[in-house]
Chemist: 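Take this structure first; my questions come after.
Hydrogens, waters and symmetry mates play no part in the numbers below; they use all other heavy atoms, side chains included. The chain is numbered in sequence order, starting from 1.
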Amino acid sequence: MRKSQKQKNRYSMGACVGYMLSMAWRHNKSVIFSVLALAAMSVGLSVTELYAAPRILQKVTDQAPLGELLGTIAVFTLTLFFLRALKSYTEDANSLERVDLRTWIICDLVRKMFTTSYPNTLDPAAIKAMDGAMNANSSNHSDTERIWLTLTTLLADVAGFLIYLVLLTKVSPWILLVILTSSVAGFYVNKKVRDWDFRHKEEEQKIWTQENSLEKRSQSVELAKDIRIFGLASWLREIYDGVIRSHQALVERRHRGYFWASLTDVALSLLRSGVAYAYLITMVLQGSITAAEFLLYFSAVSGFTAWVTSILSEFVTLNEECLSISQVMTYLNWPEPFRFTGGKPIPQGDAWELKLEDVTFRYPGTDKNLFEHLNLTIHPGEKLAVVGLNGAGKTTLVKLLAGFYDPDEGRVLLNGQDIRKFNRRDYYGLLSAVYQEFSILDATVADNVAQGENPDEEKIWNCLEKAGLKSFIEGLPQKLQTHVGRDVYLDGTLFSGGQTQRLMLARALYKDGPILILDEPTAALDPIAESDIYTKYSDMTTGKTSLFISHRLASTRFCDRIIFLAHGKIAEEGTHEELLNLGGEYAKLFQVQSRYYQEGDTQNGKGN
């Protein structure tokens, strides 16, 4: 897939609610029942509180016997106590259920991140969708948890609205009209403030990201040396202060909006209460209603206003939450350019041939081809080296052969079959690789090498020995159980760049795939250590189809064939000796590198 996916930024509110209900039904049905129970209890509490004071007042007005009065008080008190206790217990249980369900959603997102097609990991649109999806699940206040509270409140609001509507129709339709008009007006005033918040949500998120990034970088081990050597502290503090000022300005603008909205809300509330109060007092003076009924209806006016305002508000909240949840759905449904199911099985065999057939390729978002009609065959069991200047396309060539990208034109073939016909993960299973970018985990040495359950310790030690790291690991207190890195474990060991590359090489050897890819596997090693690795290179690659990329041409002499890339084409091809005898670009580059090492050795000798 060549261009960034253009996805809708949201699903409908019904689709989002349906998605959350389906997740709950699959993973934790009790969430749904808790929502219904909590809504019913909220309405029950509201109606009980509405009738409690008027009924007790009516008993007093009617001069009911003390026992009857106390009995009425006891009934309402016990009912309220029981409903509140039951609601509190259900809320506690519901909070755990919401967390559990959010965890399931996070698991789905992480699974998508781990398994999505490689181009999606670099697609800005897919990355933005992923960030939005994770933000929707980042805490207990995230939308995938809050939506259950919103649905609970909304159900209670609708039920309470209907009950209070029936009650107030006995008084006057004009009272209902005043309540509805003032409530809707107040809602839209507050909505303007909330809309402002939503419009500036991305701006605030950007500021938060900047703050967190600066805080994290200032505390990082990697940047600590630079801060002190280059005097970056004052510069970083100046940047941080600027971000804080931007945040404060945004907060001040928000508070001004909330102030005027609150003032308007108070004015509308006074108008609404004043009209209802005056009308109901008139009815009392005229003898149309009793004092107890006055208290009932006046309380109902306040309650009805709250139901109307809350319904409107919760619908807006639900819409905002669904905008966030739609990002979860968008990312989970993000199209996959690679086939992961339903493909042909990988053919059985002991020998593997890789081939680029008339391949043309350019990176997404660019209009210049990196390769045009490129043809290359790596024969079964062959050790092929790919060399060239920076930017010649060496790593891109590896990514095409490894199935991380599909060509725009042409095919990548495995034993004569287009790899797009296979399930891509099955194809990846054939590969063992070491890349320039480290993928070390904050786990034990054994876990980093074996990358799975039930590691074979003997095999791990054998791979560490081949990678030249055995003696170092044996010298660590916990040996294979030593933690690597300190982001997770404070007792972890910090590996040097060269040691990390050796660890990654040991991991590739442990997997023992029939196709071995080494992309600058010794870039962080000194020449002596590099020589030590490549004296064992032939043993490592025996019987394997191997692809090796290096910027140090001396290391390529271990390979059966070398190709020199230039301008997106194979400029030269042959063995190390053949290319030297050819006297082309490879030979010139080799001479420059040889002179560099010779001069370095001479200077080191003089220094001694």
Side-chain angles (χ1 to χ4, degrees), residues 1-5 108 110-123 126 331-364 369-384 386 393 395-435 439 451-453 507-519 541-549:
M1 193 165 293
R2 308 315 308 148
K3 297 181 179 179
S4 296
Q5 299 292 339
D108 286 347
V110 171
R111 189 179 299 109
K112 176 74 171 183
M113 285 186 281
F114 284 167
T115 59
T116 191
S117 303
Y118 181 81
N120 286 346
T121 66
L122 302 176
D123 184 346
Y331 183 66
L332 290 176
N333 295 320
W334 198 267
E336 296 292 347
F338 297 161
R339 184 196 301 272
F340 291 117
T341 59
K344 295 174 57 177
I346 297 290
Q348 298 296 317
D350 298 325
W352 303 94
E353 178 188 83
L354 288 176
K355 185 175 182 179
L356 298 178
E357 182 182 79
D358 200 31
V359 164
T360 297
F361 176 79
R362 63 182 173 275
Y363 278 104
N369 291 333
L370 184 58
F371 296 127
E372 288 188 4
H373 306 293
L374 180 67
N375 291 281
L376 172 67
T377 300
I378 308 176
H379 304 289
E382 182 182 23
K383 303 178 185 66
L384 176 72
V386 181
T395 296
T396 305
L397 183 69
V398 168
K399 290 179 178 178
L400 286 168
L401 288 167
F404 292 142
Y405 282 109
D406 284 337
D408 294 285
E409 299 176 18
R411 300 187 299 169
V412 179
L413 305 177
L414 173 71
N415 286 0
Q417 298 188 50
D418 194 329
I419 65 170
R420 283 174 285 205
K421 296 180 179 179
F422 307 131
N423 294 334
R424 195 58 59 99
R425 292 190 192 99
D426 294 342
Y427 179 72
Y428 293 152
L430 299 174
L431 309 176
S432 290
V434 180
Y435 297 104
S439 57
Q451 298 282 296
E453 298 179 357
R507 183 178 68 179
L509 294 171
Y510 187 91
K511 183 181 179 182
D512 197 27
I515 301 173
L516 181 63
I517 296 175
L518 302 174
D519 185 359
T541 58
T542 300
K544 299 181 185 296
T545 301
S546 307
L547 182 64
F548 168 57
I549 293 178

Chemist: Do V398 and V386 make a side-chain contact, defined as non-hydrogen atoms from C-beta onward lying under 4.5 Å apart?
Modeler: no
Chemist: What closest approach, in Å, do I419 and L400 show between heavy atoms, and which atom pair accounts for it?
Modeler: CD1-O, 4.5 Å
Chemist: Could you report the tightest heavy-atom contact between R362 and D408, atom names first, then the distance?
Modeler: N-OD2, 2.8 Å
Chemist: Can a donor-acceptor pair be found, under 3.5 Å and without considering hydrogens, that links the side chain of R424 to the backbone of G403?
Modeler: yes
Chemist: Measure the CG-CZ distance between L397 and F371 for me, rounded to the nearest 0.5 Å.
Modeler: 5.0 Å
Chemist: Let me see the working for E382 and E353 under side-chain contact (heavy atoms from CB on, under 4.5 Å), right down to the final yes or no.
Modeler: CA-CA 9 Å; E382 182 182 23; E353 178 188 83; over 6 Å; no
Chemist: Distance from L518 atom CG to F548 atom CZ, nearest 0.5 Å?
Modeler: 7.0 Å
Chemist: Can you find a pair of side-chain heavy atoms, one from N120 and one from P337, that are under 4.5 Å apart?
Modeler: yes
Chemist: So, the side chain of D418 versus the backbone of R420: is there a donor-acceptor pair under 3.5 Å, distance only?
Modeler: yes
Chemist: Strictly by modelled atom types, are Y405 and T396 linked by a side-chain donor-acceptor pair under 3.5 Å?
Modeler: no
Chemist: Taking the side chain as every heavy atom from C-beta outward, state whether L401 and I378 have any atom pair closer than 4.5 Å.
Modeler: yes
Chemist: Could you check whether any side-chain N or O of E336 sits under 3.5 Å from a backbone N or O of S117, counting only pairs where one atom can act as donor and the other as acceptor?
Modeler: yes
Chemist: If every non-hydrogen atom of L370 is compared with every non-hydrogen atom of G393, which pair is closest and at what distance?
Modeler: CD2-CA, 4.2 Å
Chemist: Mark yes or no for whether K544, through its side chain, and S432, through its backbone, hold a donor-acceptor pair below 3.5 Å.
Modeler: no
Chemist: Which pair of heavy atoms, one from K511 and one from G429, lies closest together, and at what distance?
Modeler: CE-O, 3.6 Å
Chemist: Just wondering, do Y331 and M113 contact through their side chains at under 4.5 Å, heavy atoms?
Modeler: yes
Chemist: I want to check something: taking the side chain as every heavy atom from C-beta on, are T121 and T116 in contact at a cut-off of under 4.5 Å?
Modeler: yes
Chemist: Donor-acceptor pair, distance only, cut-off 3.5 Å: does the side chain of R339 make one with the backbone of K344?
Modeler: no
Chemist: Once you round to the nearest 0.5 Å, how far does CH2 of W352 lie from CG of L431?
Modeler: 10.5 Å
Chemist: At what distance, to the nearest 0.5 angstrom, does CD of E409 lie from CD of E357?
Modeler: 12.5 Å
Chemist: Quick one: do the T395 and D519 side chains pair a donor with an acceptor below 3.5 Å?
Modeler: yes
Chemist: Does the side chain of D123 come within less than 4.5 Å of W334's, by heavy atoms?
Modeler: yes
Chemist: Please check this pair: side chain of T545 against backbone of G381, looking for a donor-acceptor N/O pair closer than 3.5 Å.
Modeler: yes
Chemist: If you apply the rule ring-ring contact (aromatic ring centres under 6.0 Å, His included), what do you find for Y428 with F340, and how did you get there?
Modeler: CA-CA 11 Å; Y428 293 152; F340 291 117; 7.6 Å; no
Chemist: Is there a side-chain contact between L547 and L354, using heavy atoms and a 4.5 Å cut-off?
Modeler: no
Chemist: Quick one: closest heavy-atom pair of Y363 and K399, and the distance?
Modeler: OH-CD, 4.2 Å
Chemist: Can any side-chain N or O of N415 pair as donor or acceptor with the backbone N or O of Q348 at less than 3.5 Å?
Modeler: no
Chemist: Using side-chain contact (heavy atoms from CB on, under 4.5 Å), reason through Y510 and Q451 one step at a time and then give a plain yes or no.
Modeler: CA-CA 9 Å; Y510 187 91; Q451 298 282 296; over 6 Å; no
Chemist: Does any non-hydrogen side-chain atom of V412 lie less than 4.5 Å from one of P407?
Modeler: yes
Chemist: State whether the side chain of N375 and the backbone N or O of D358 hold a donor-acceptor pair below 3.5 Å, judged by distance alone.
Modeler: yes
Chemist: Please report the shortest heavy-atom distance between V359 and R411, naming the atom on each side.
Modeler: CG2-O, 3.4 Å
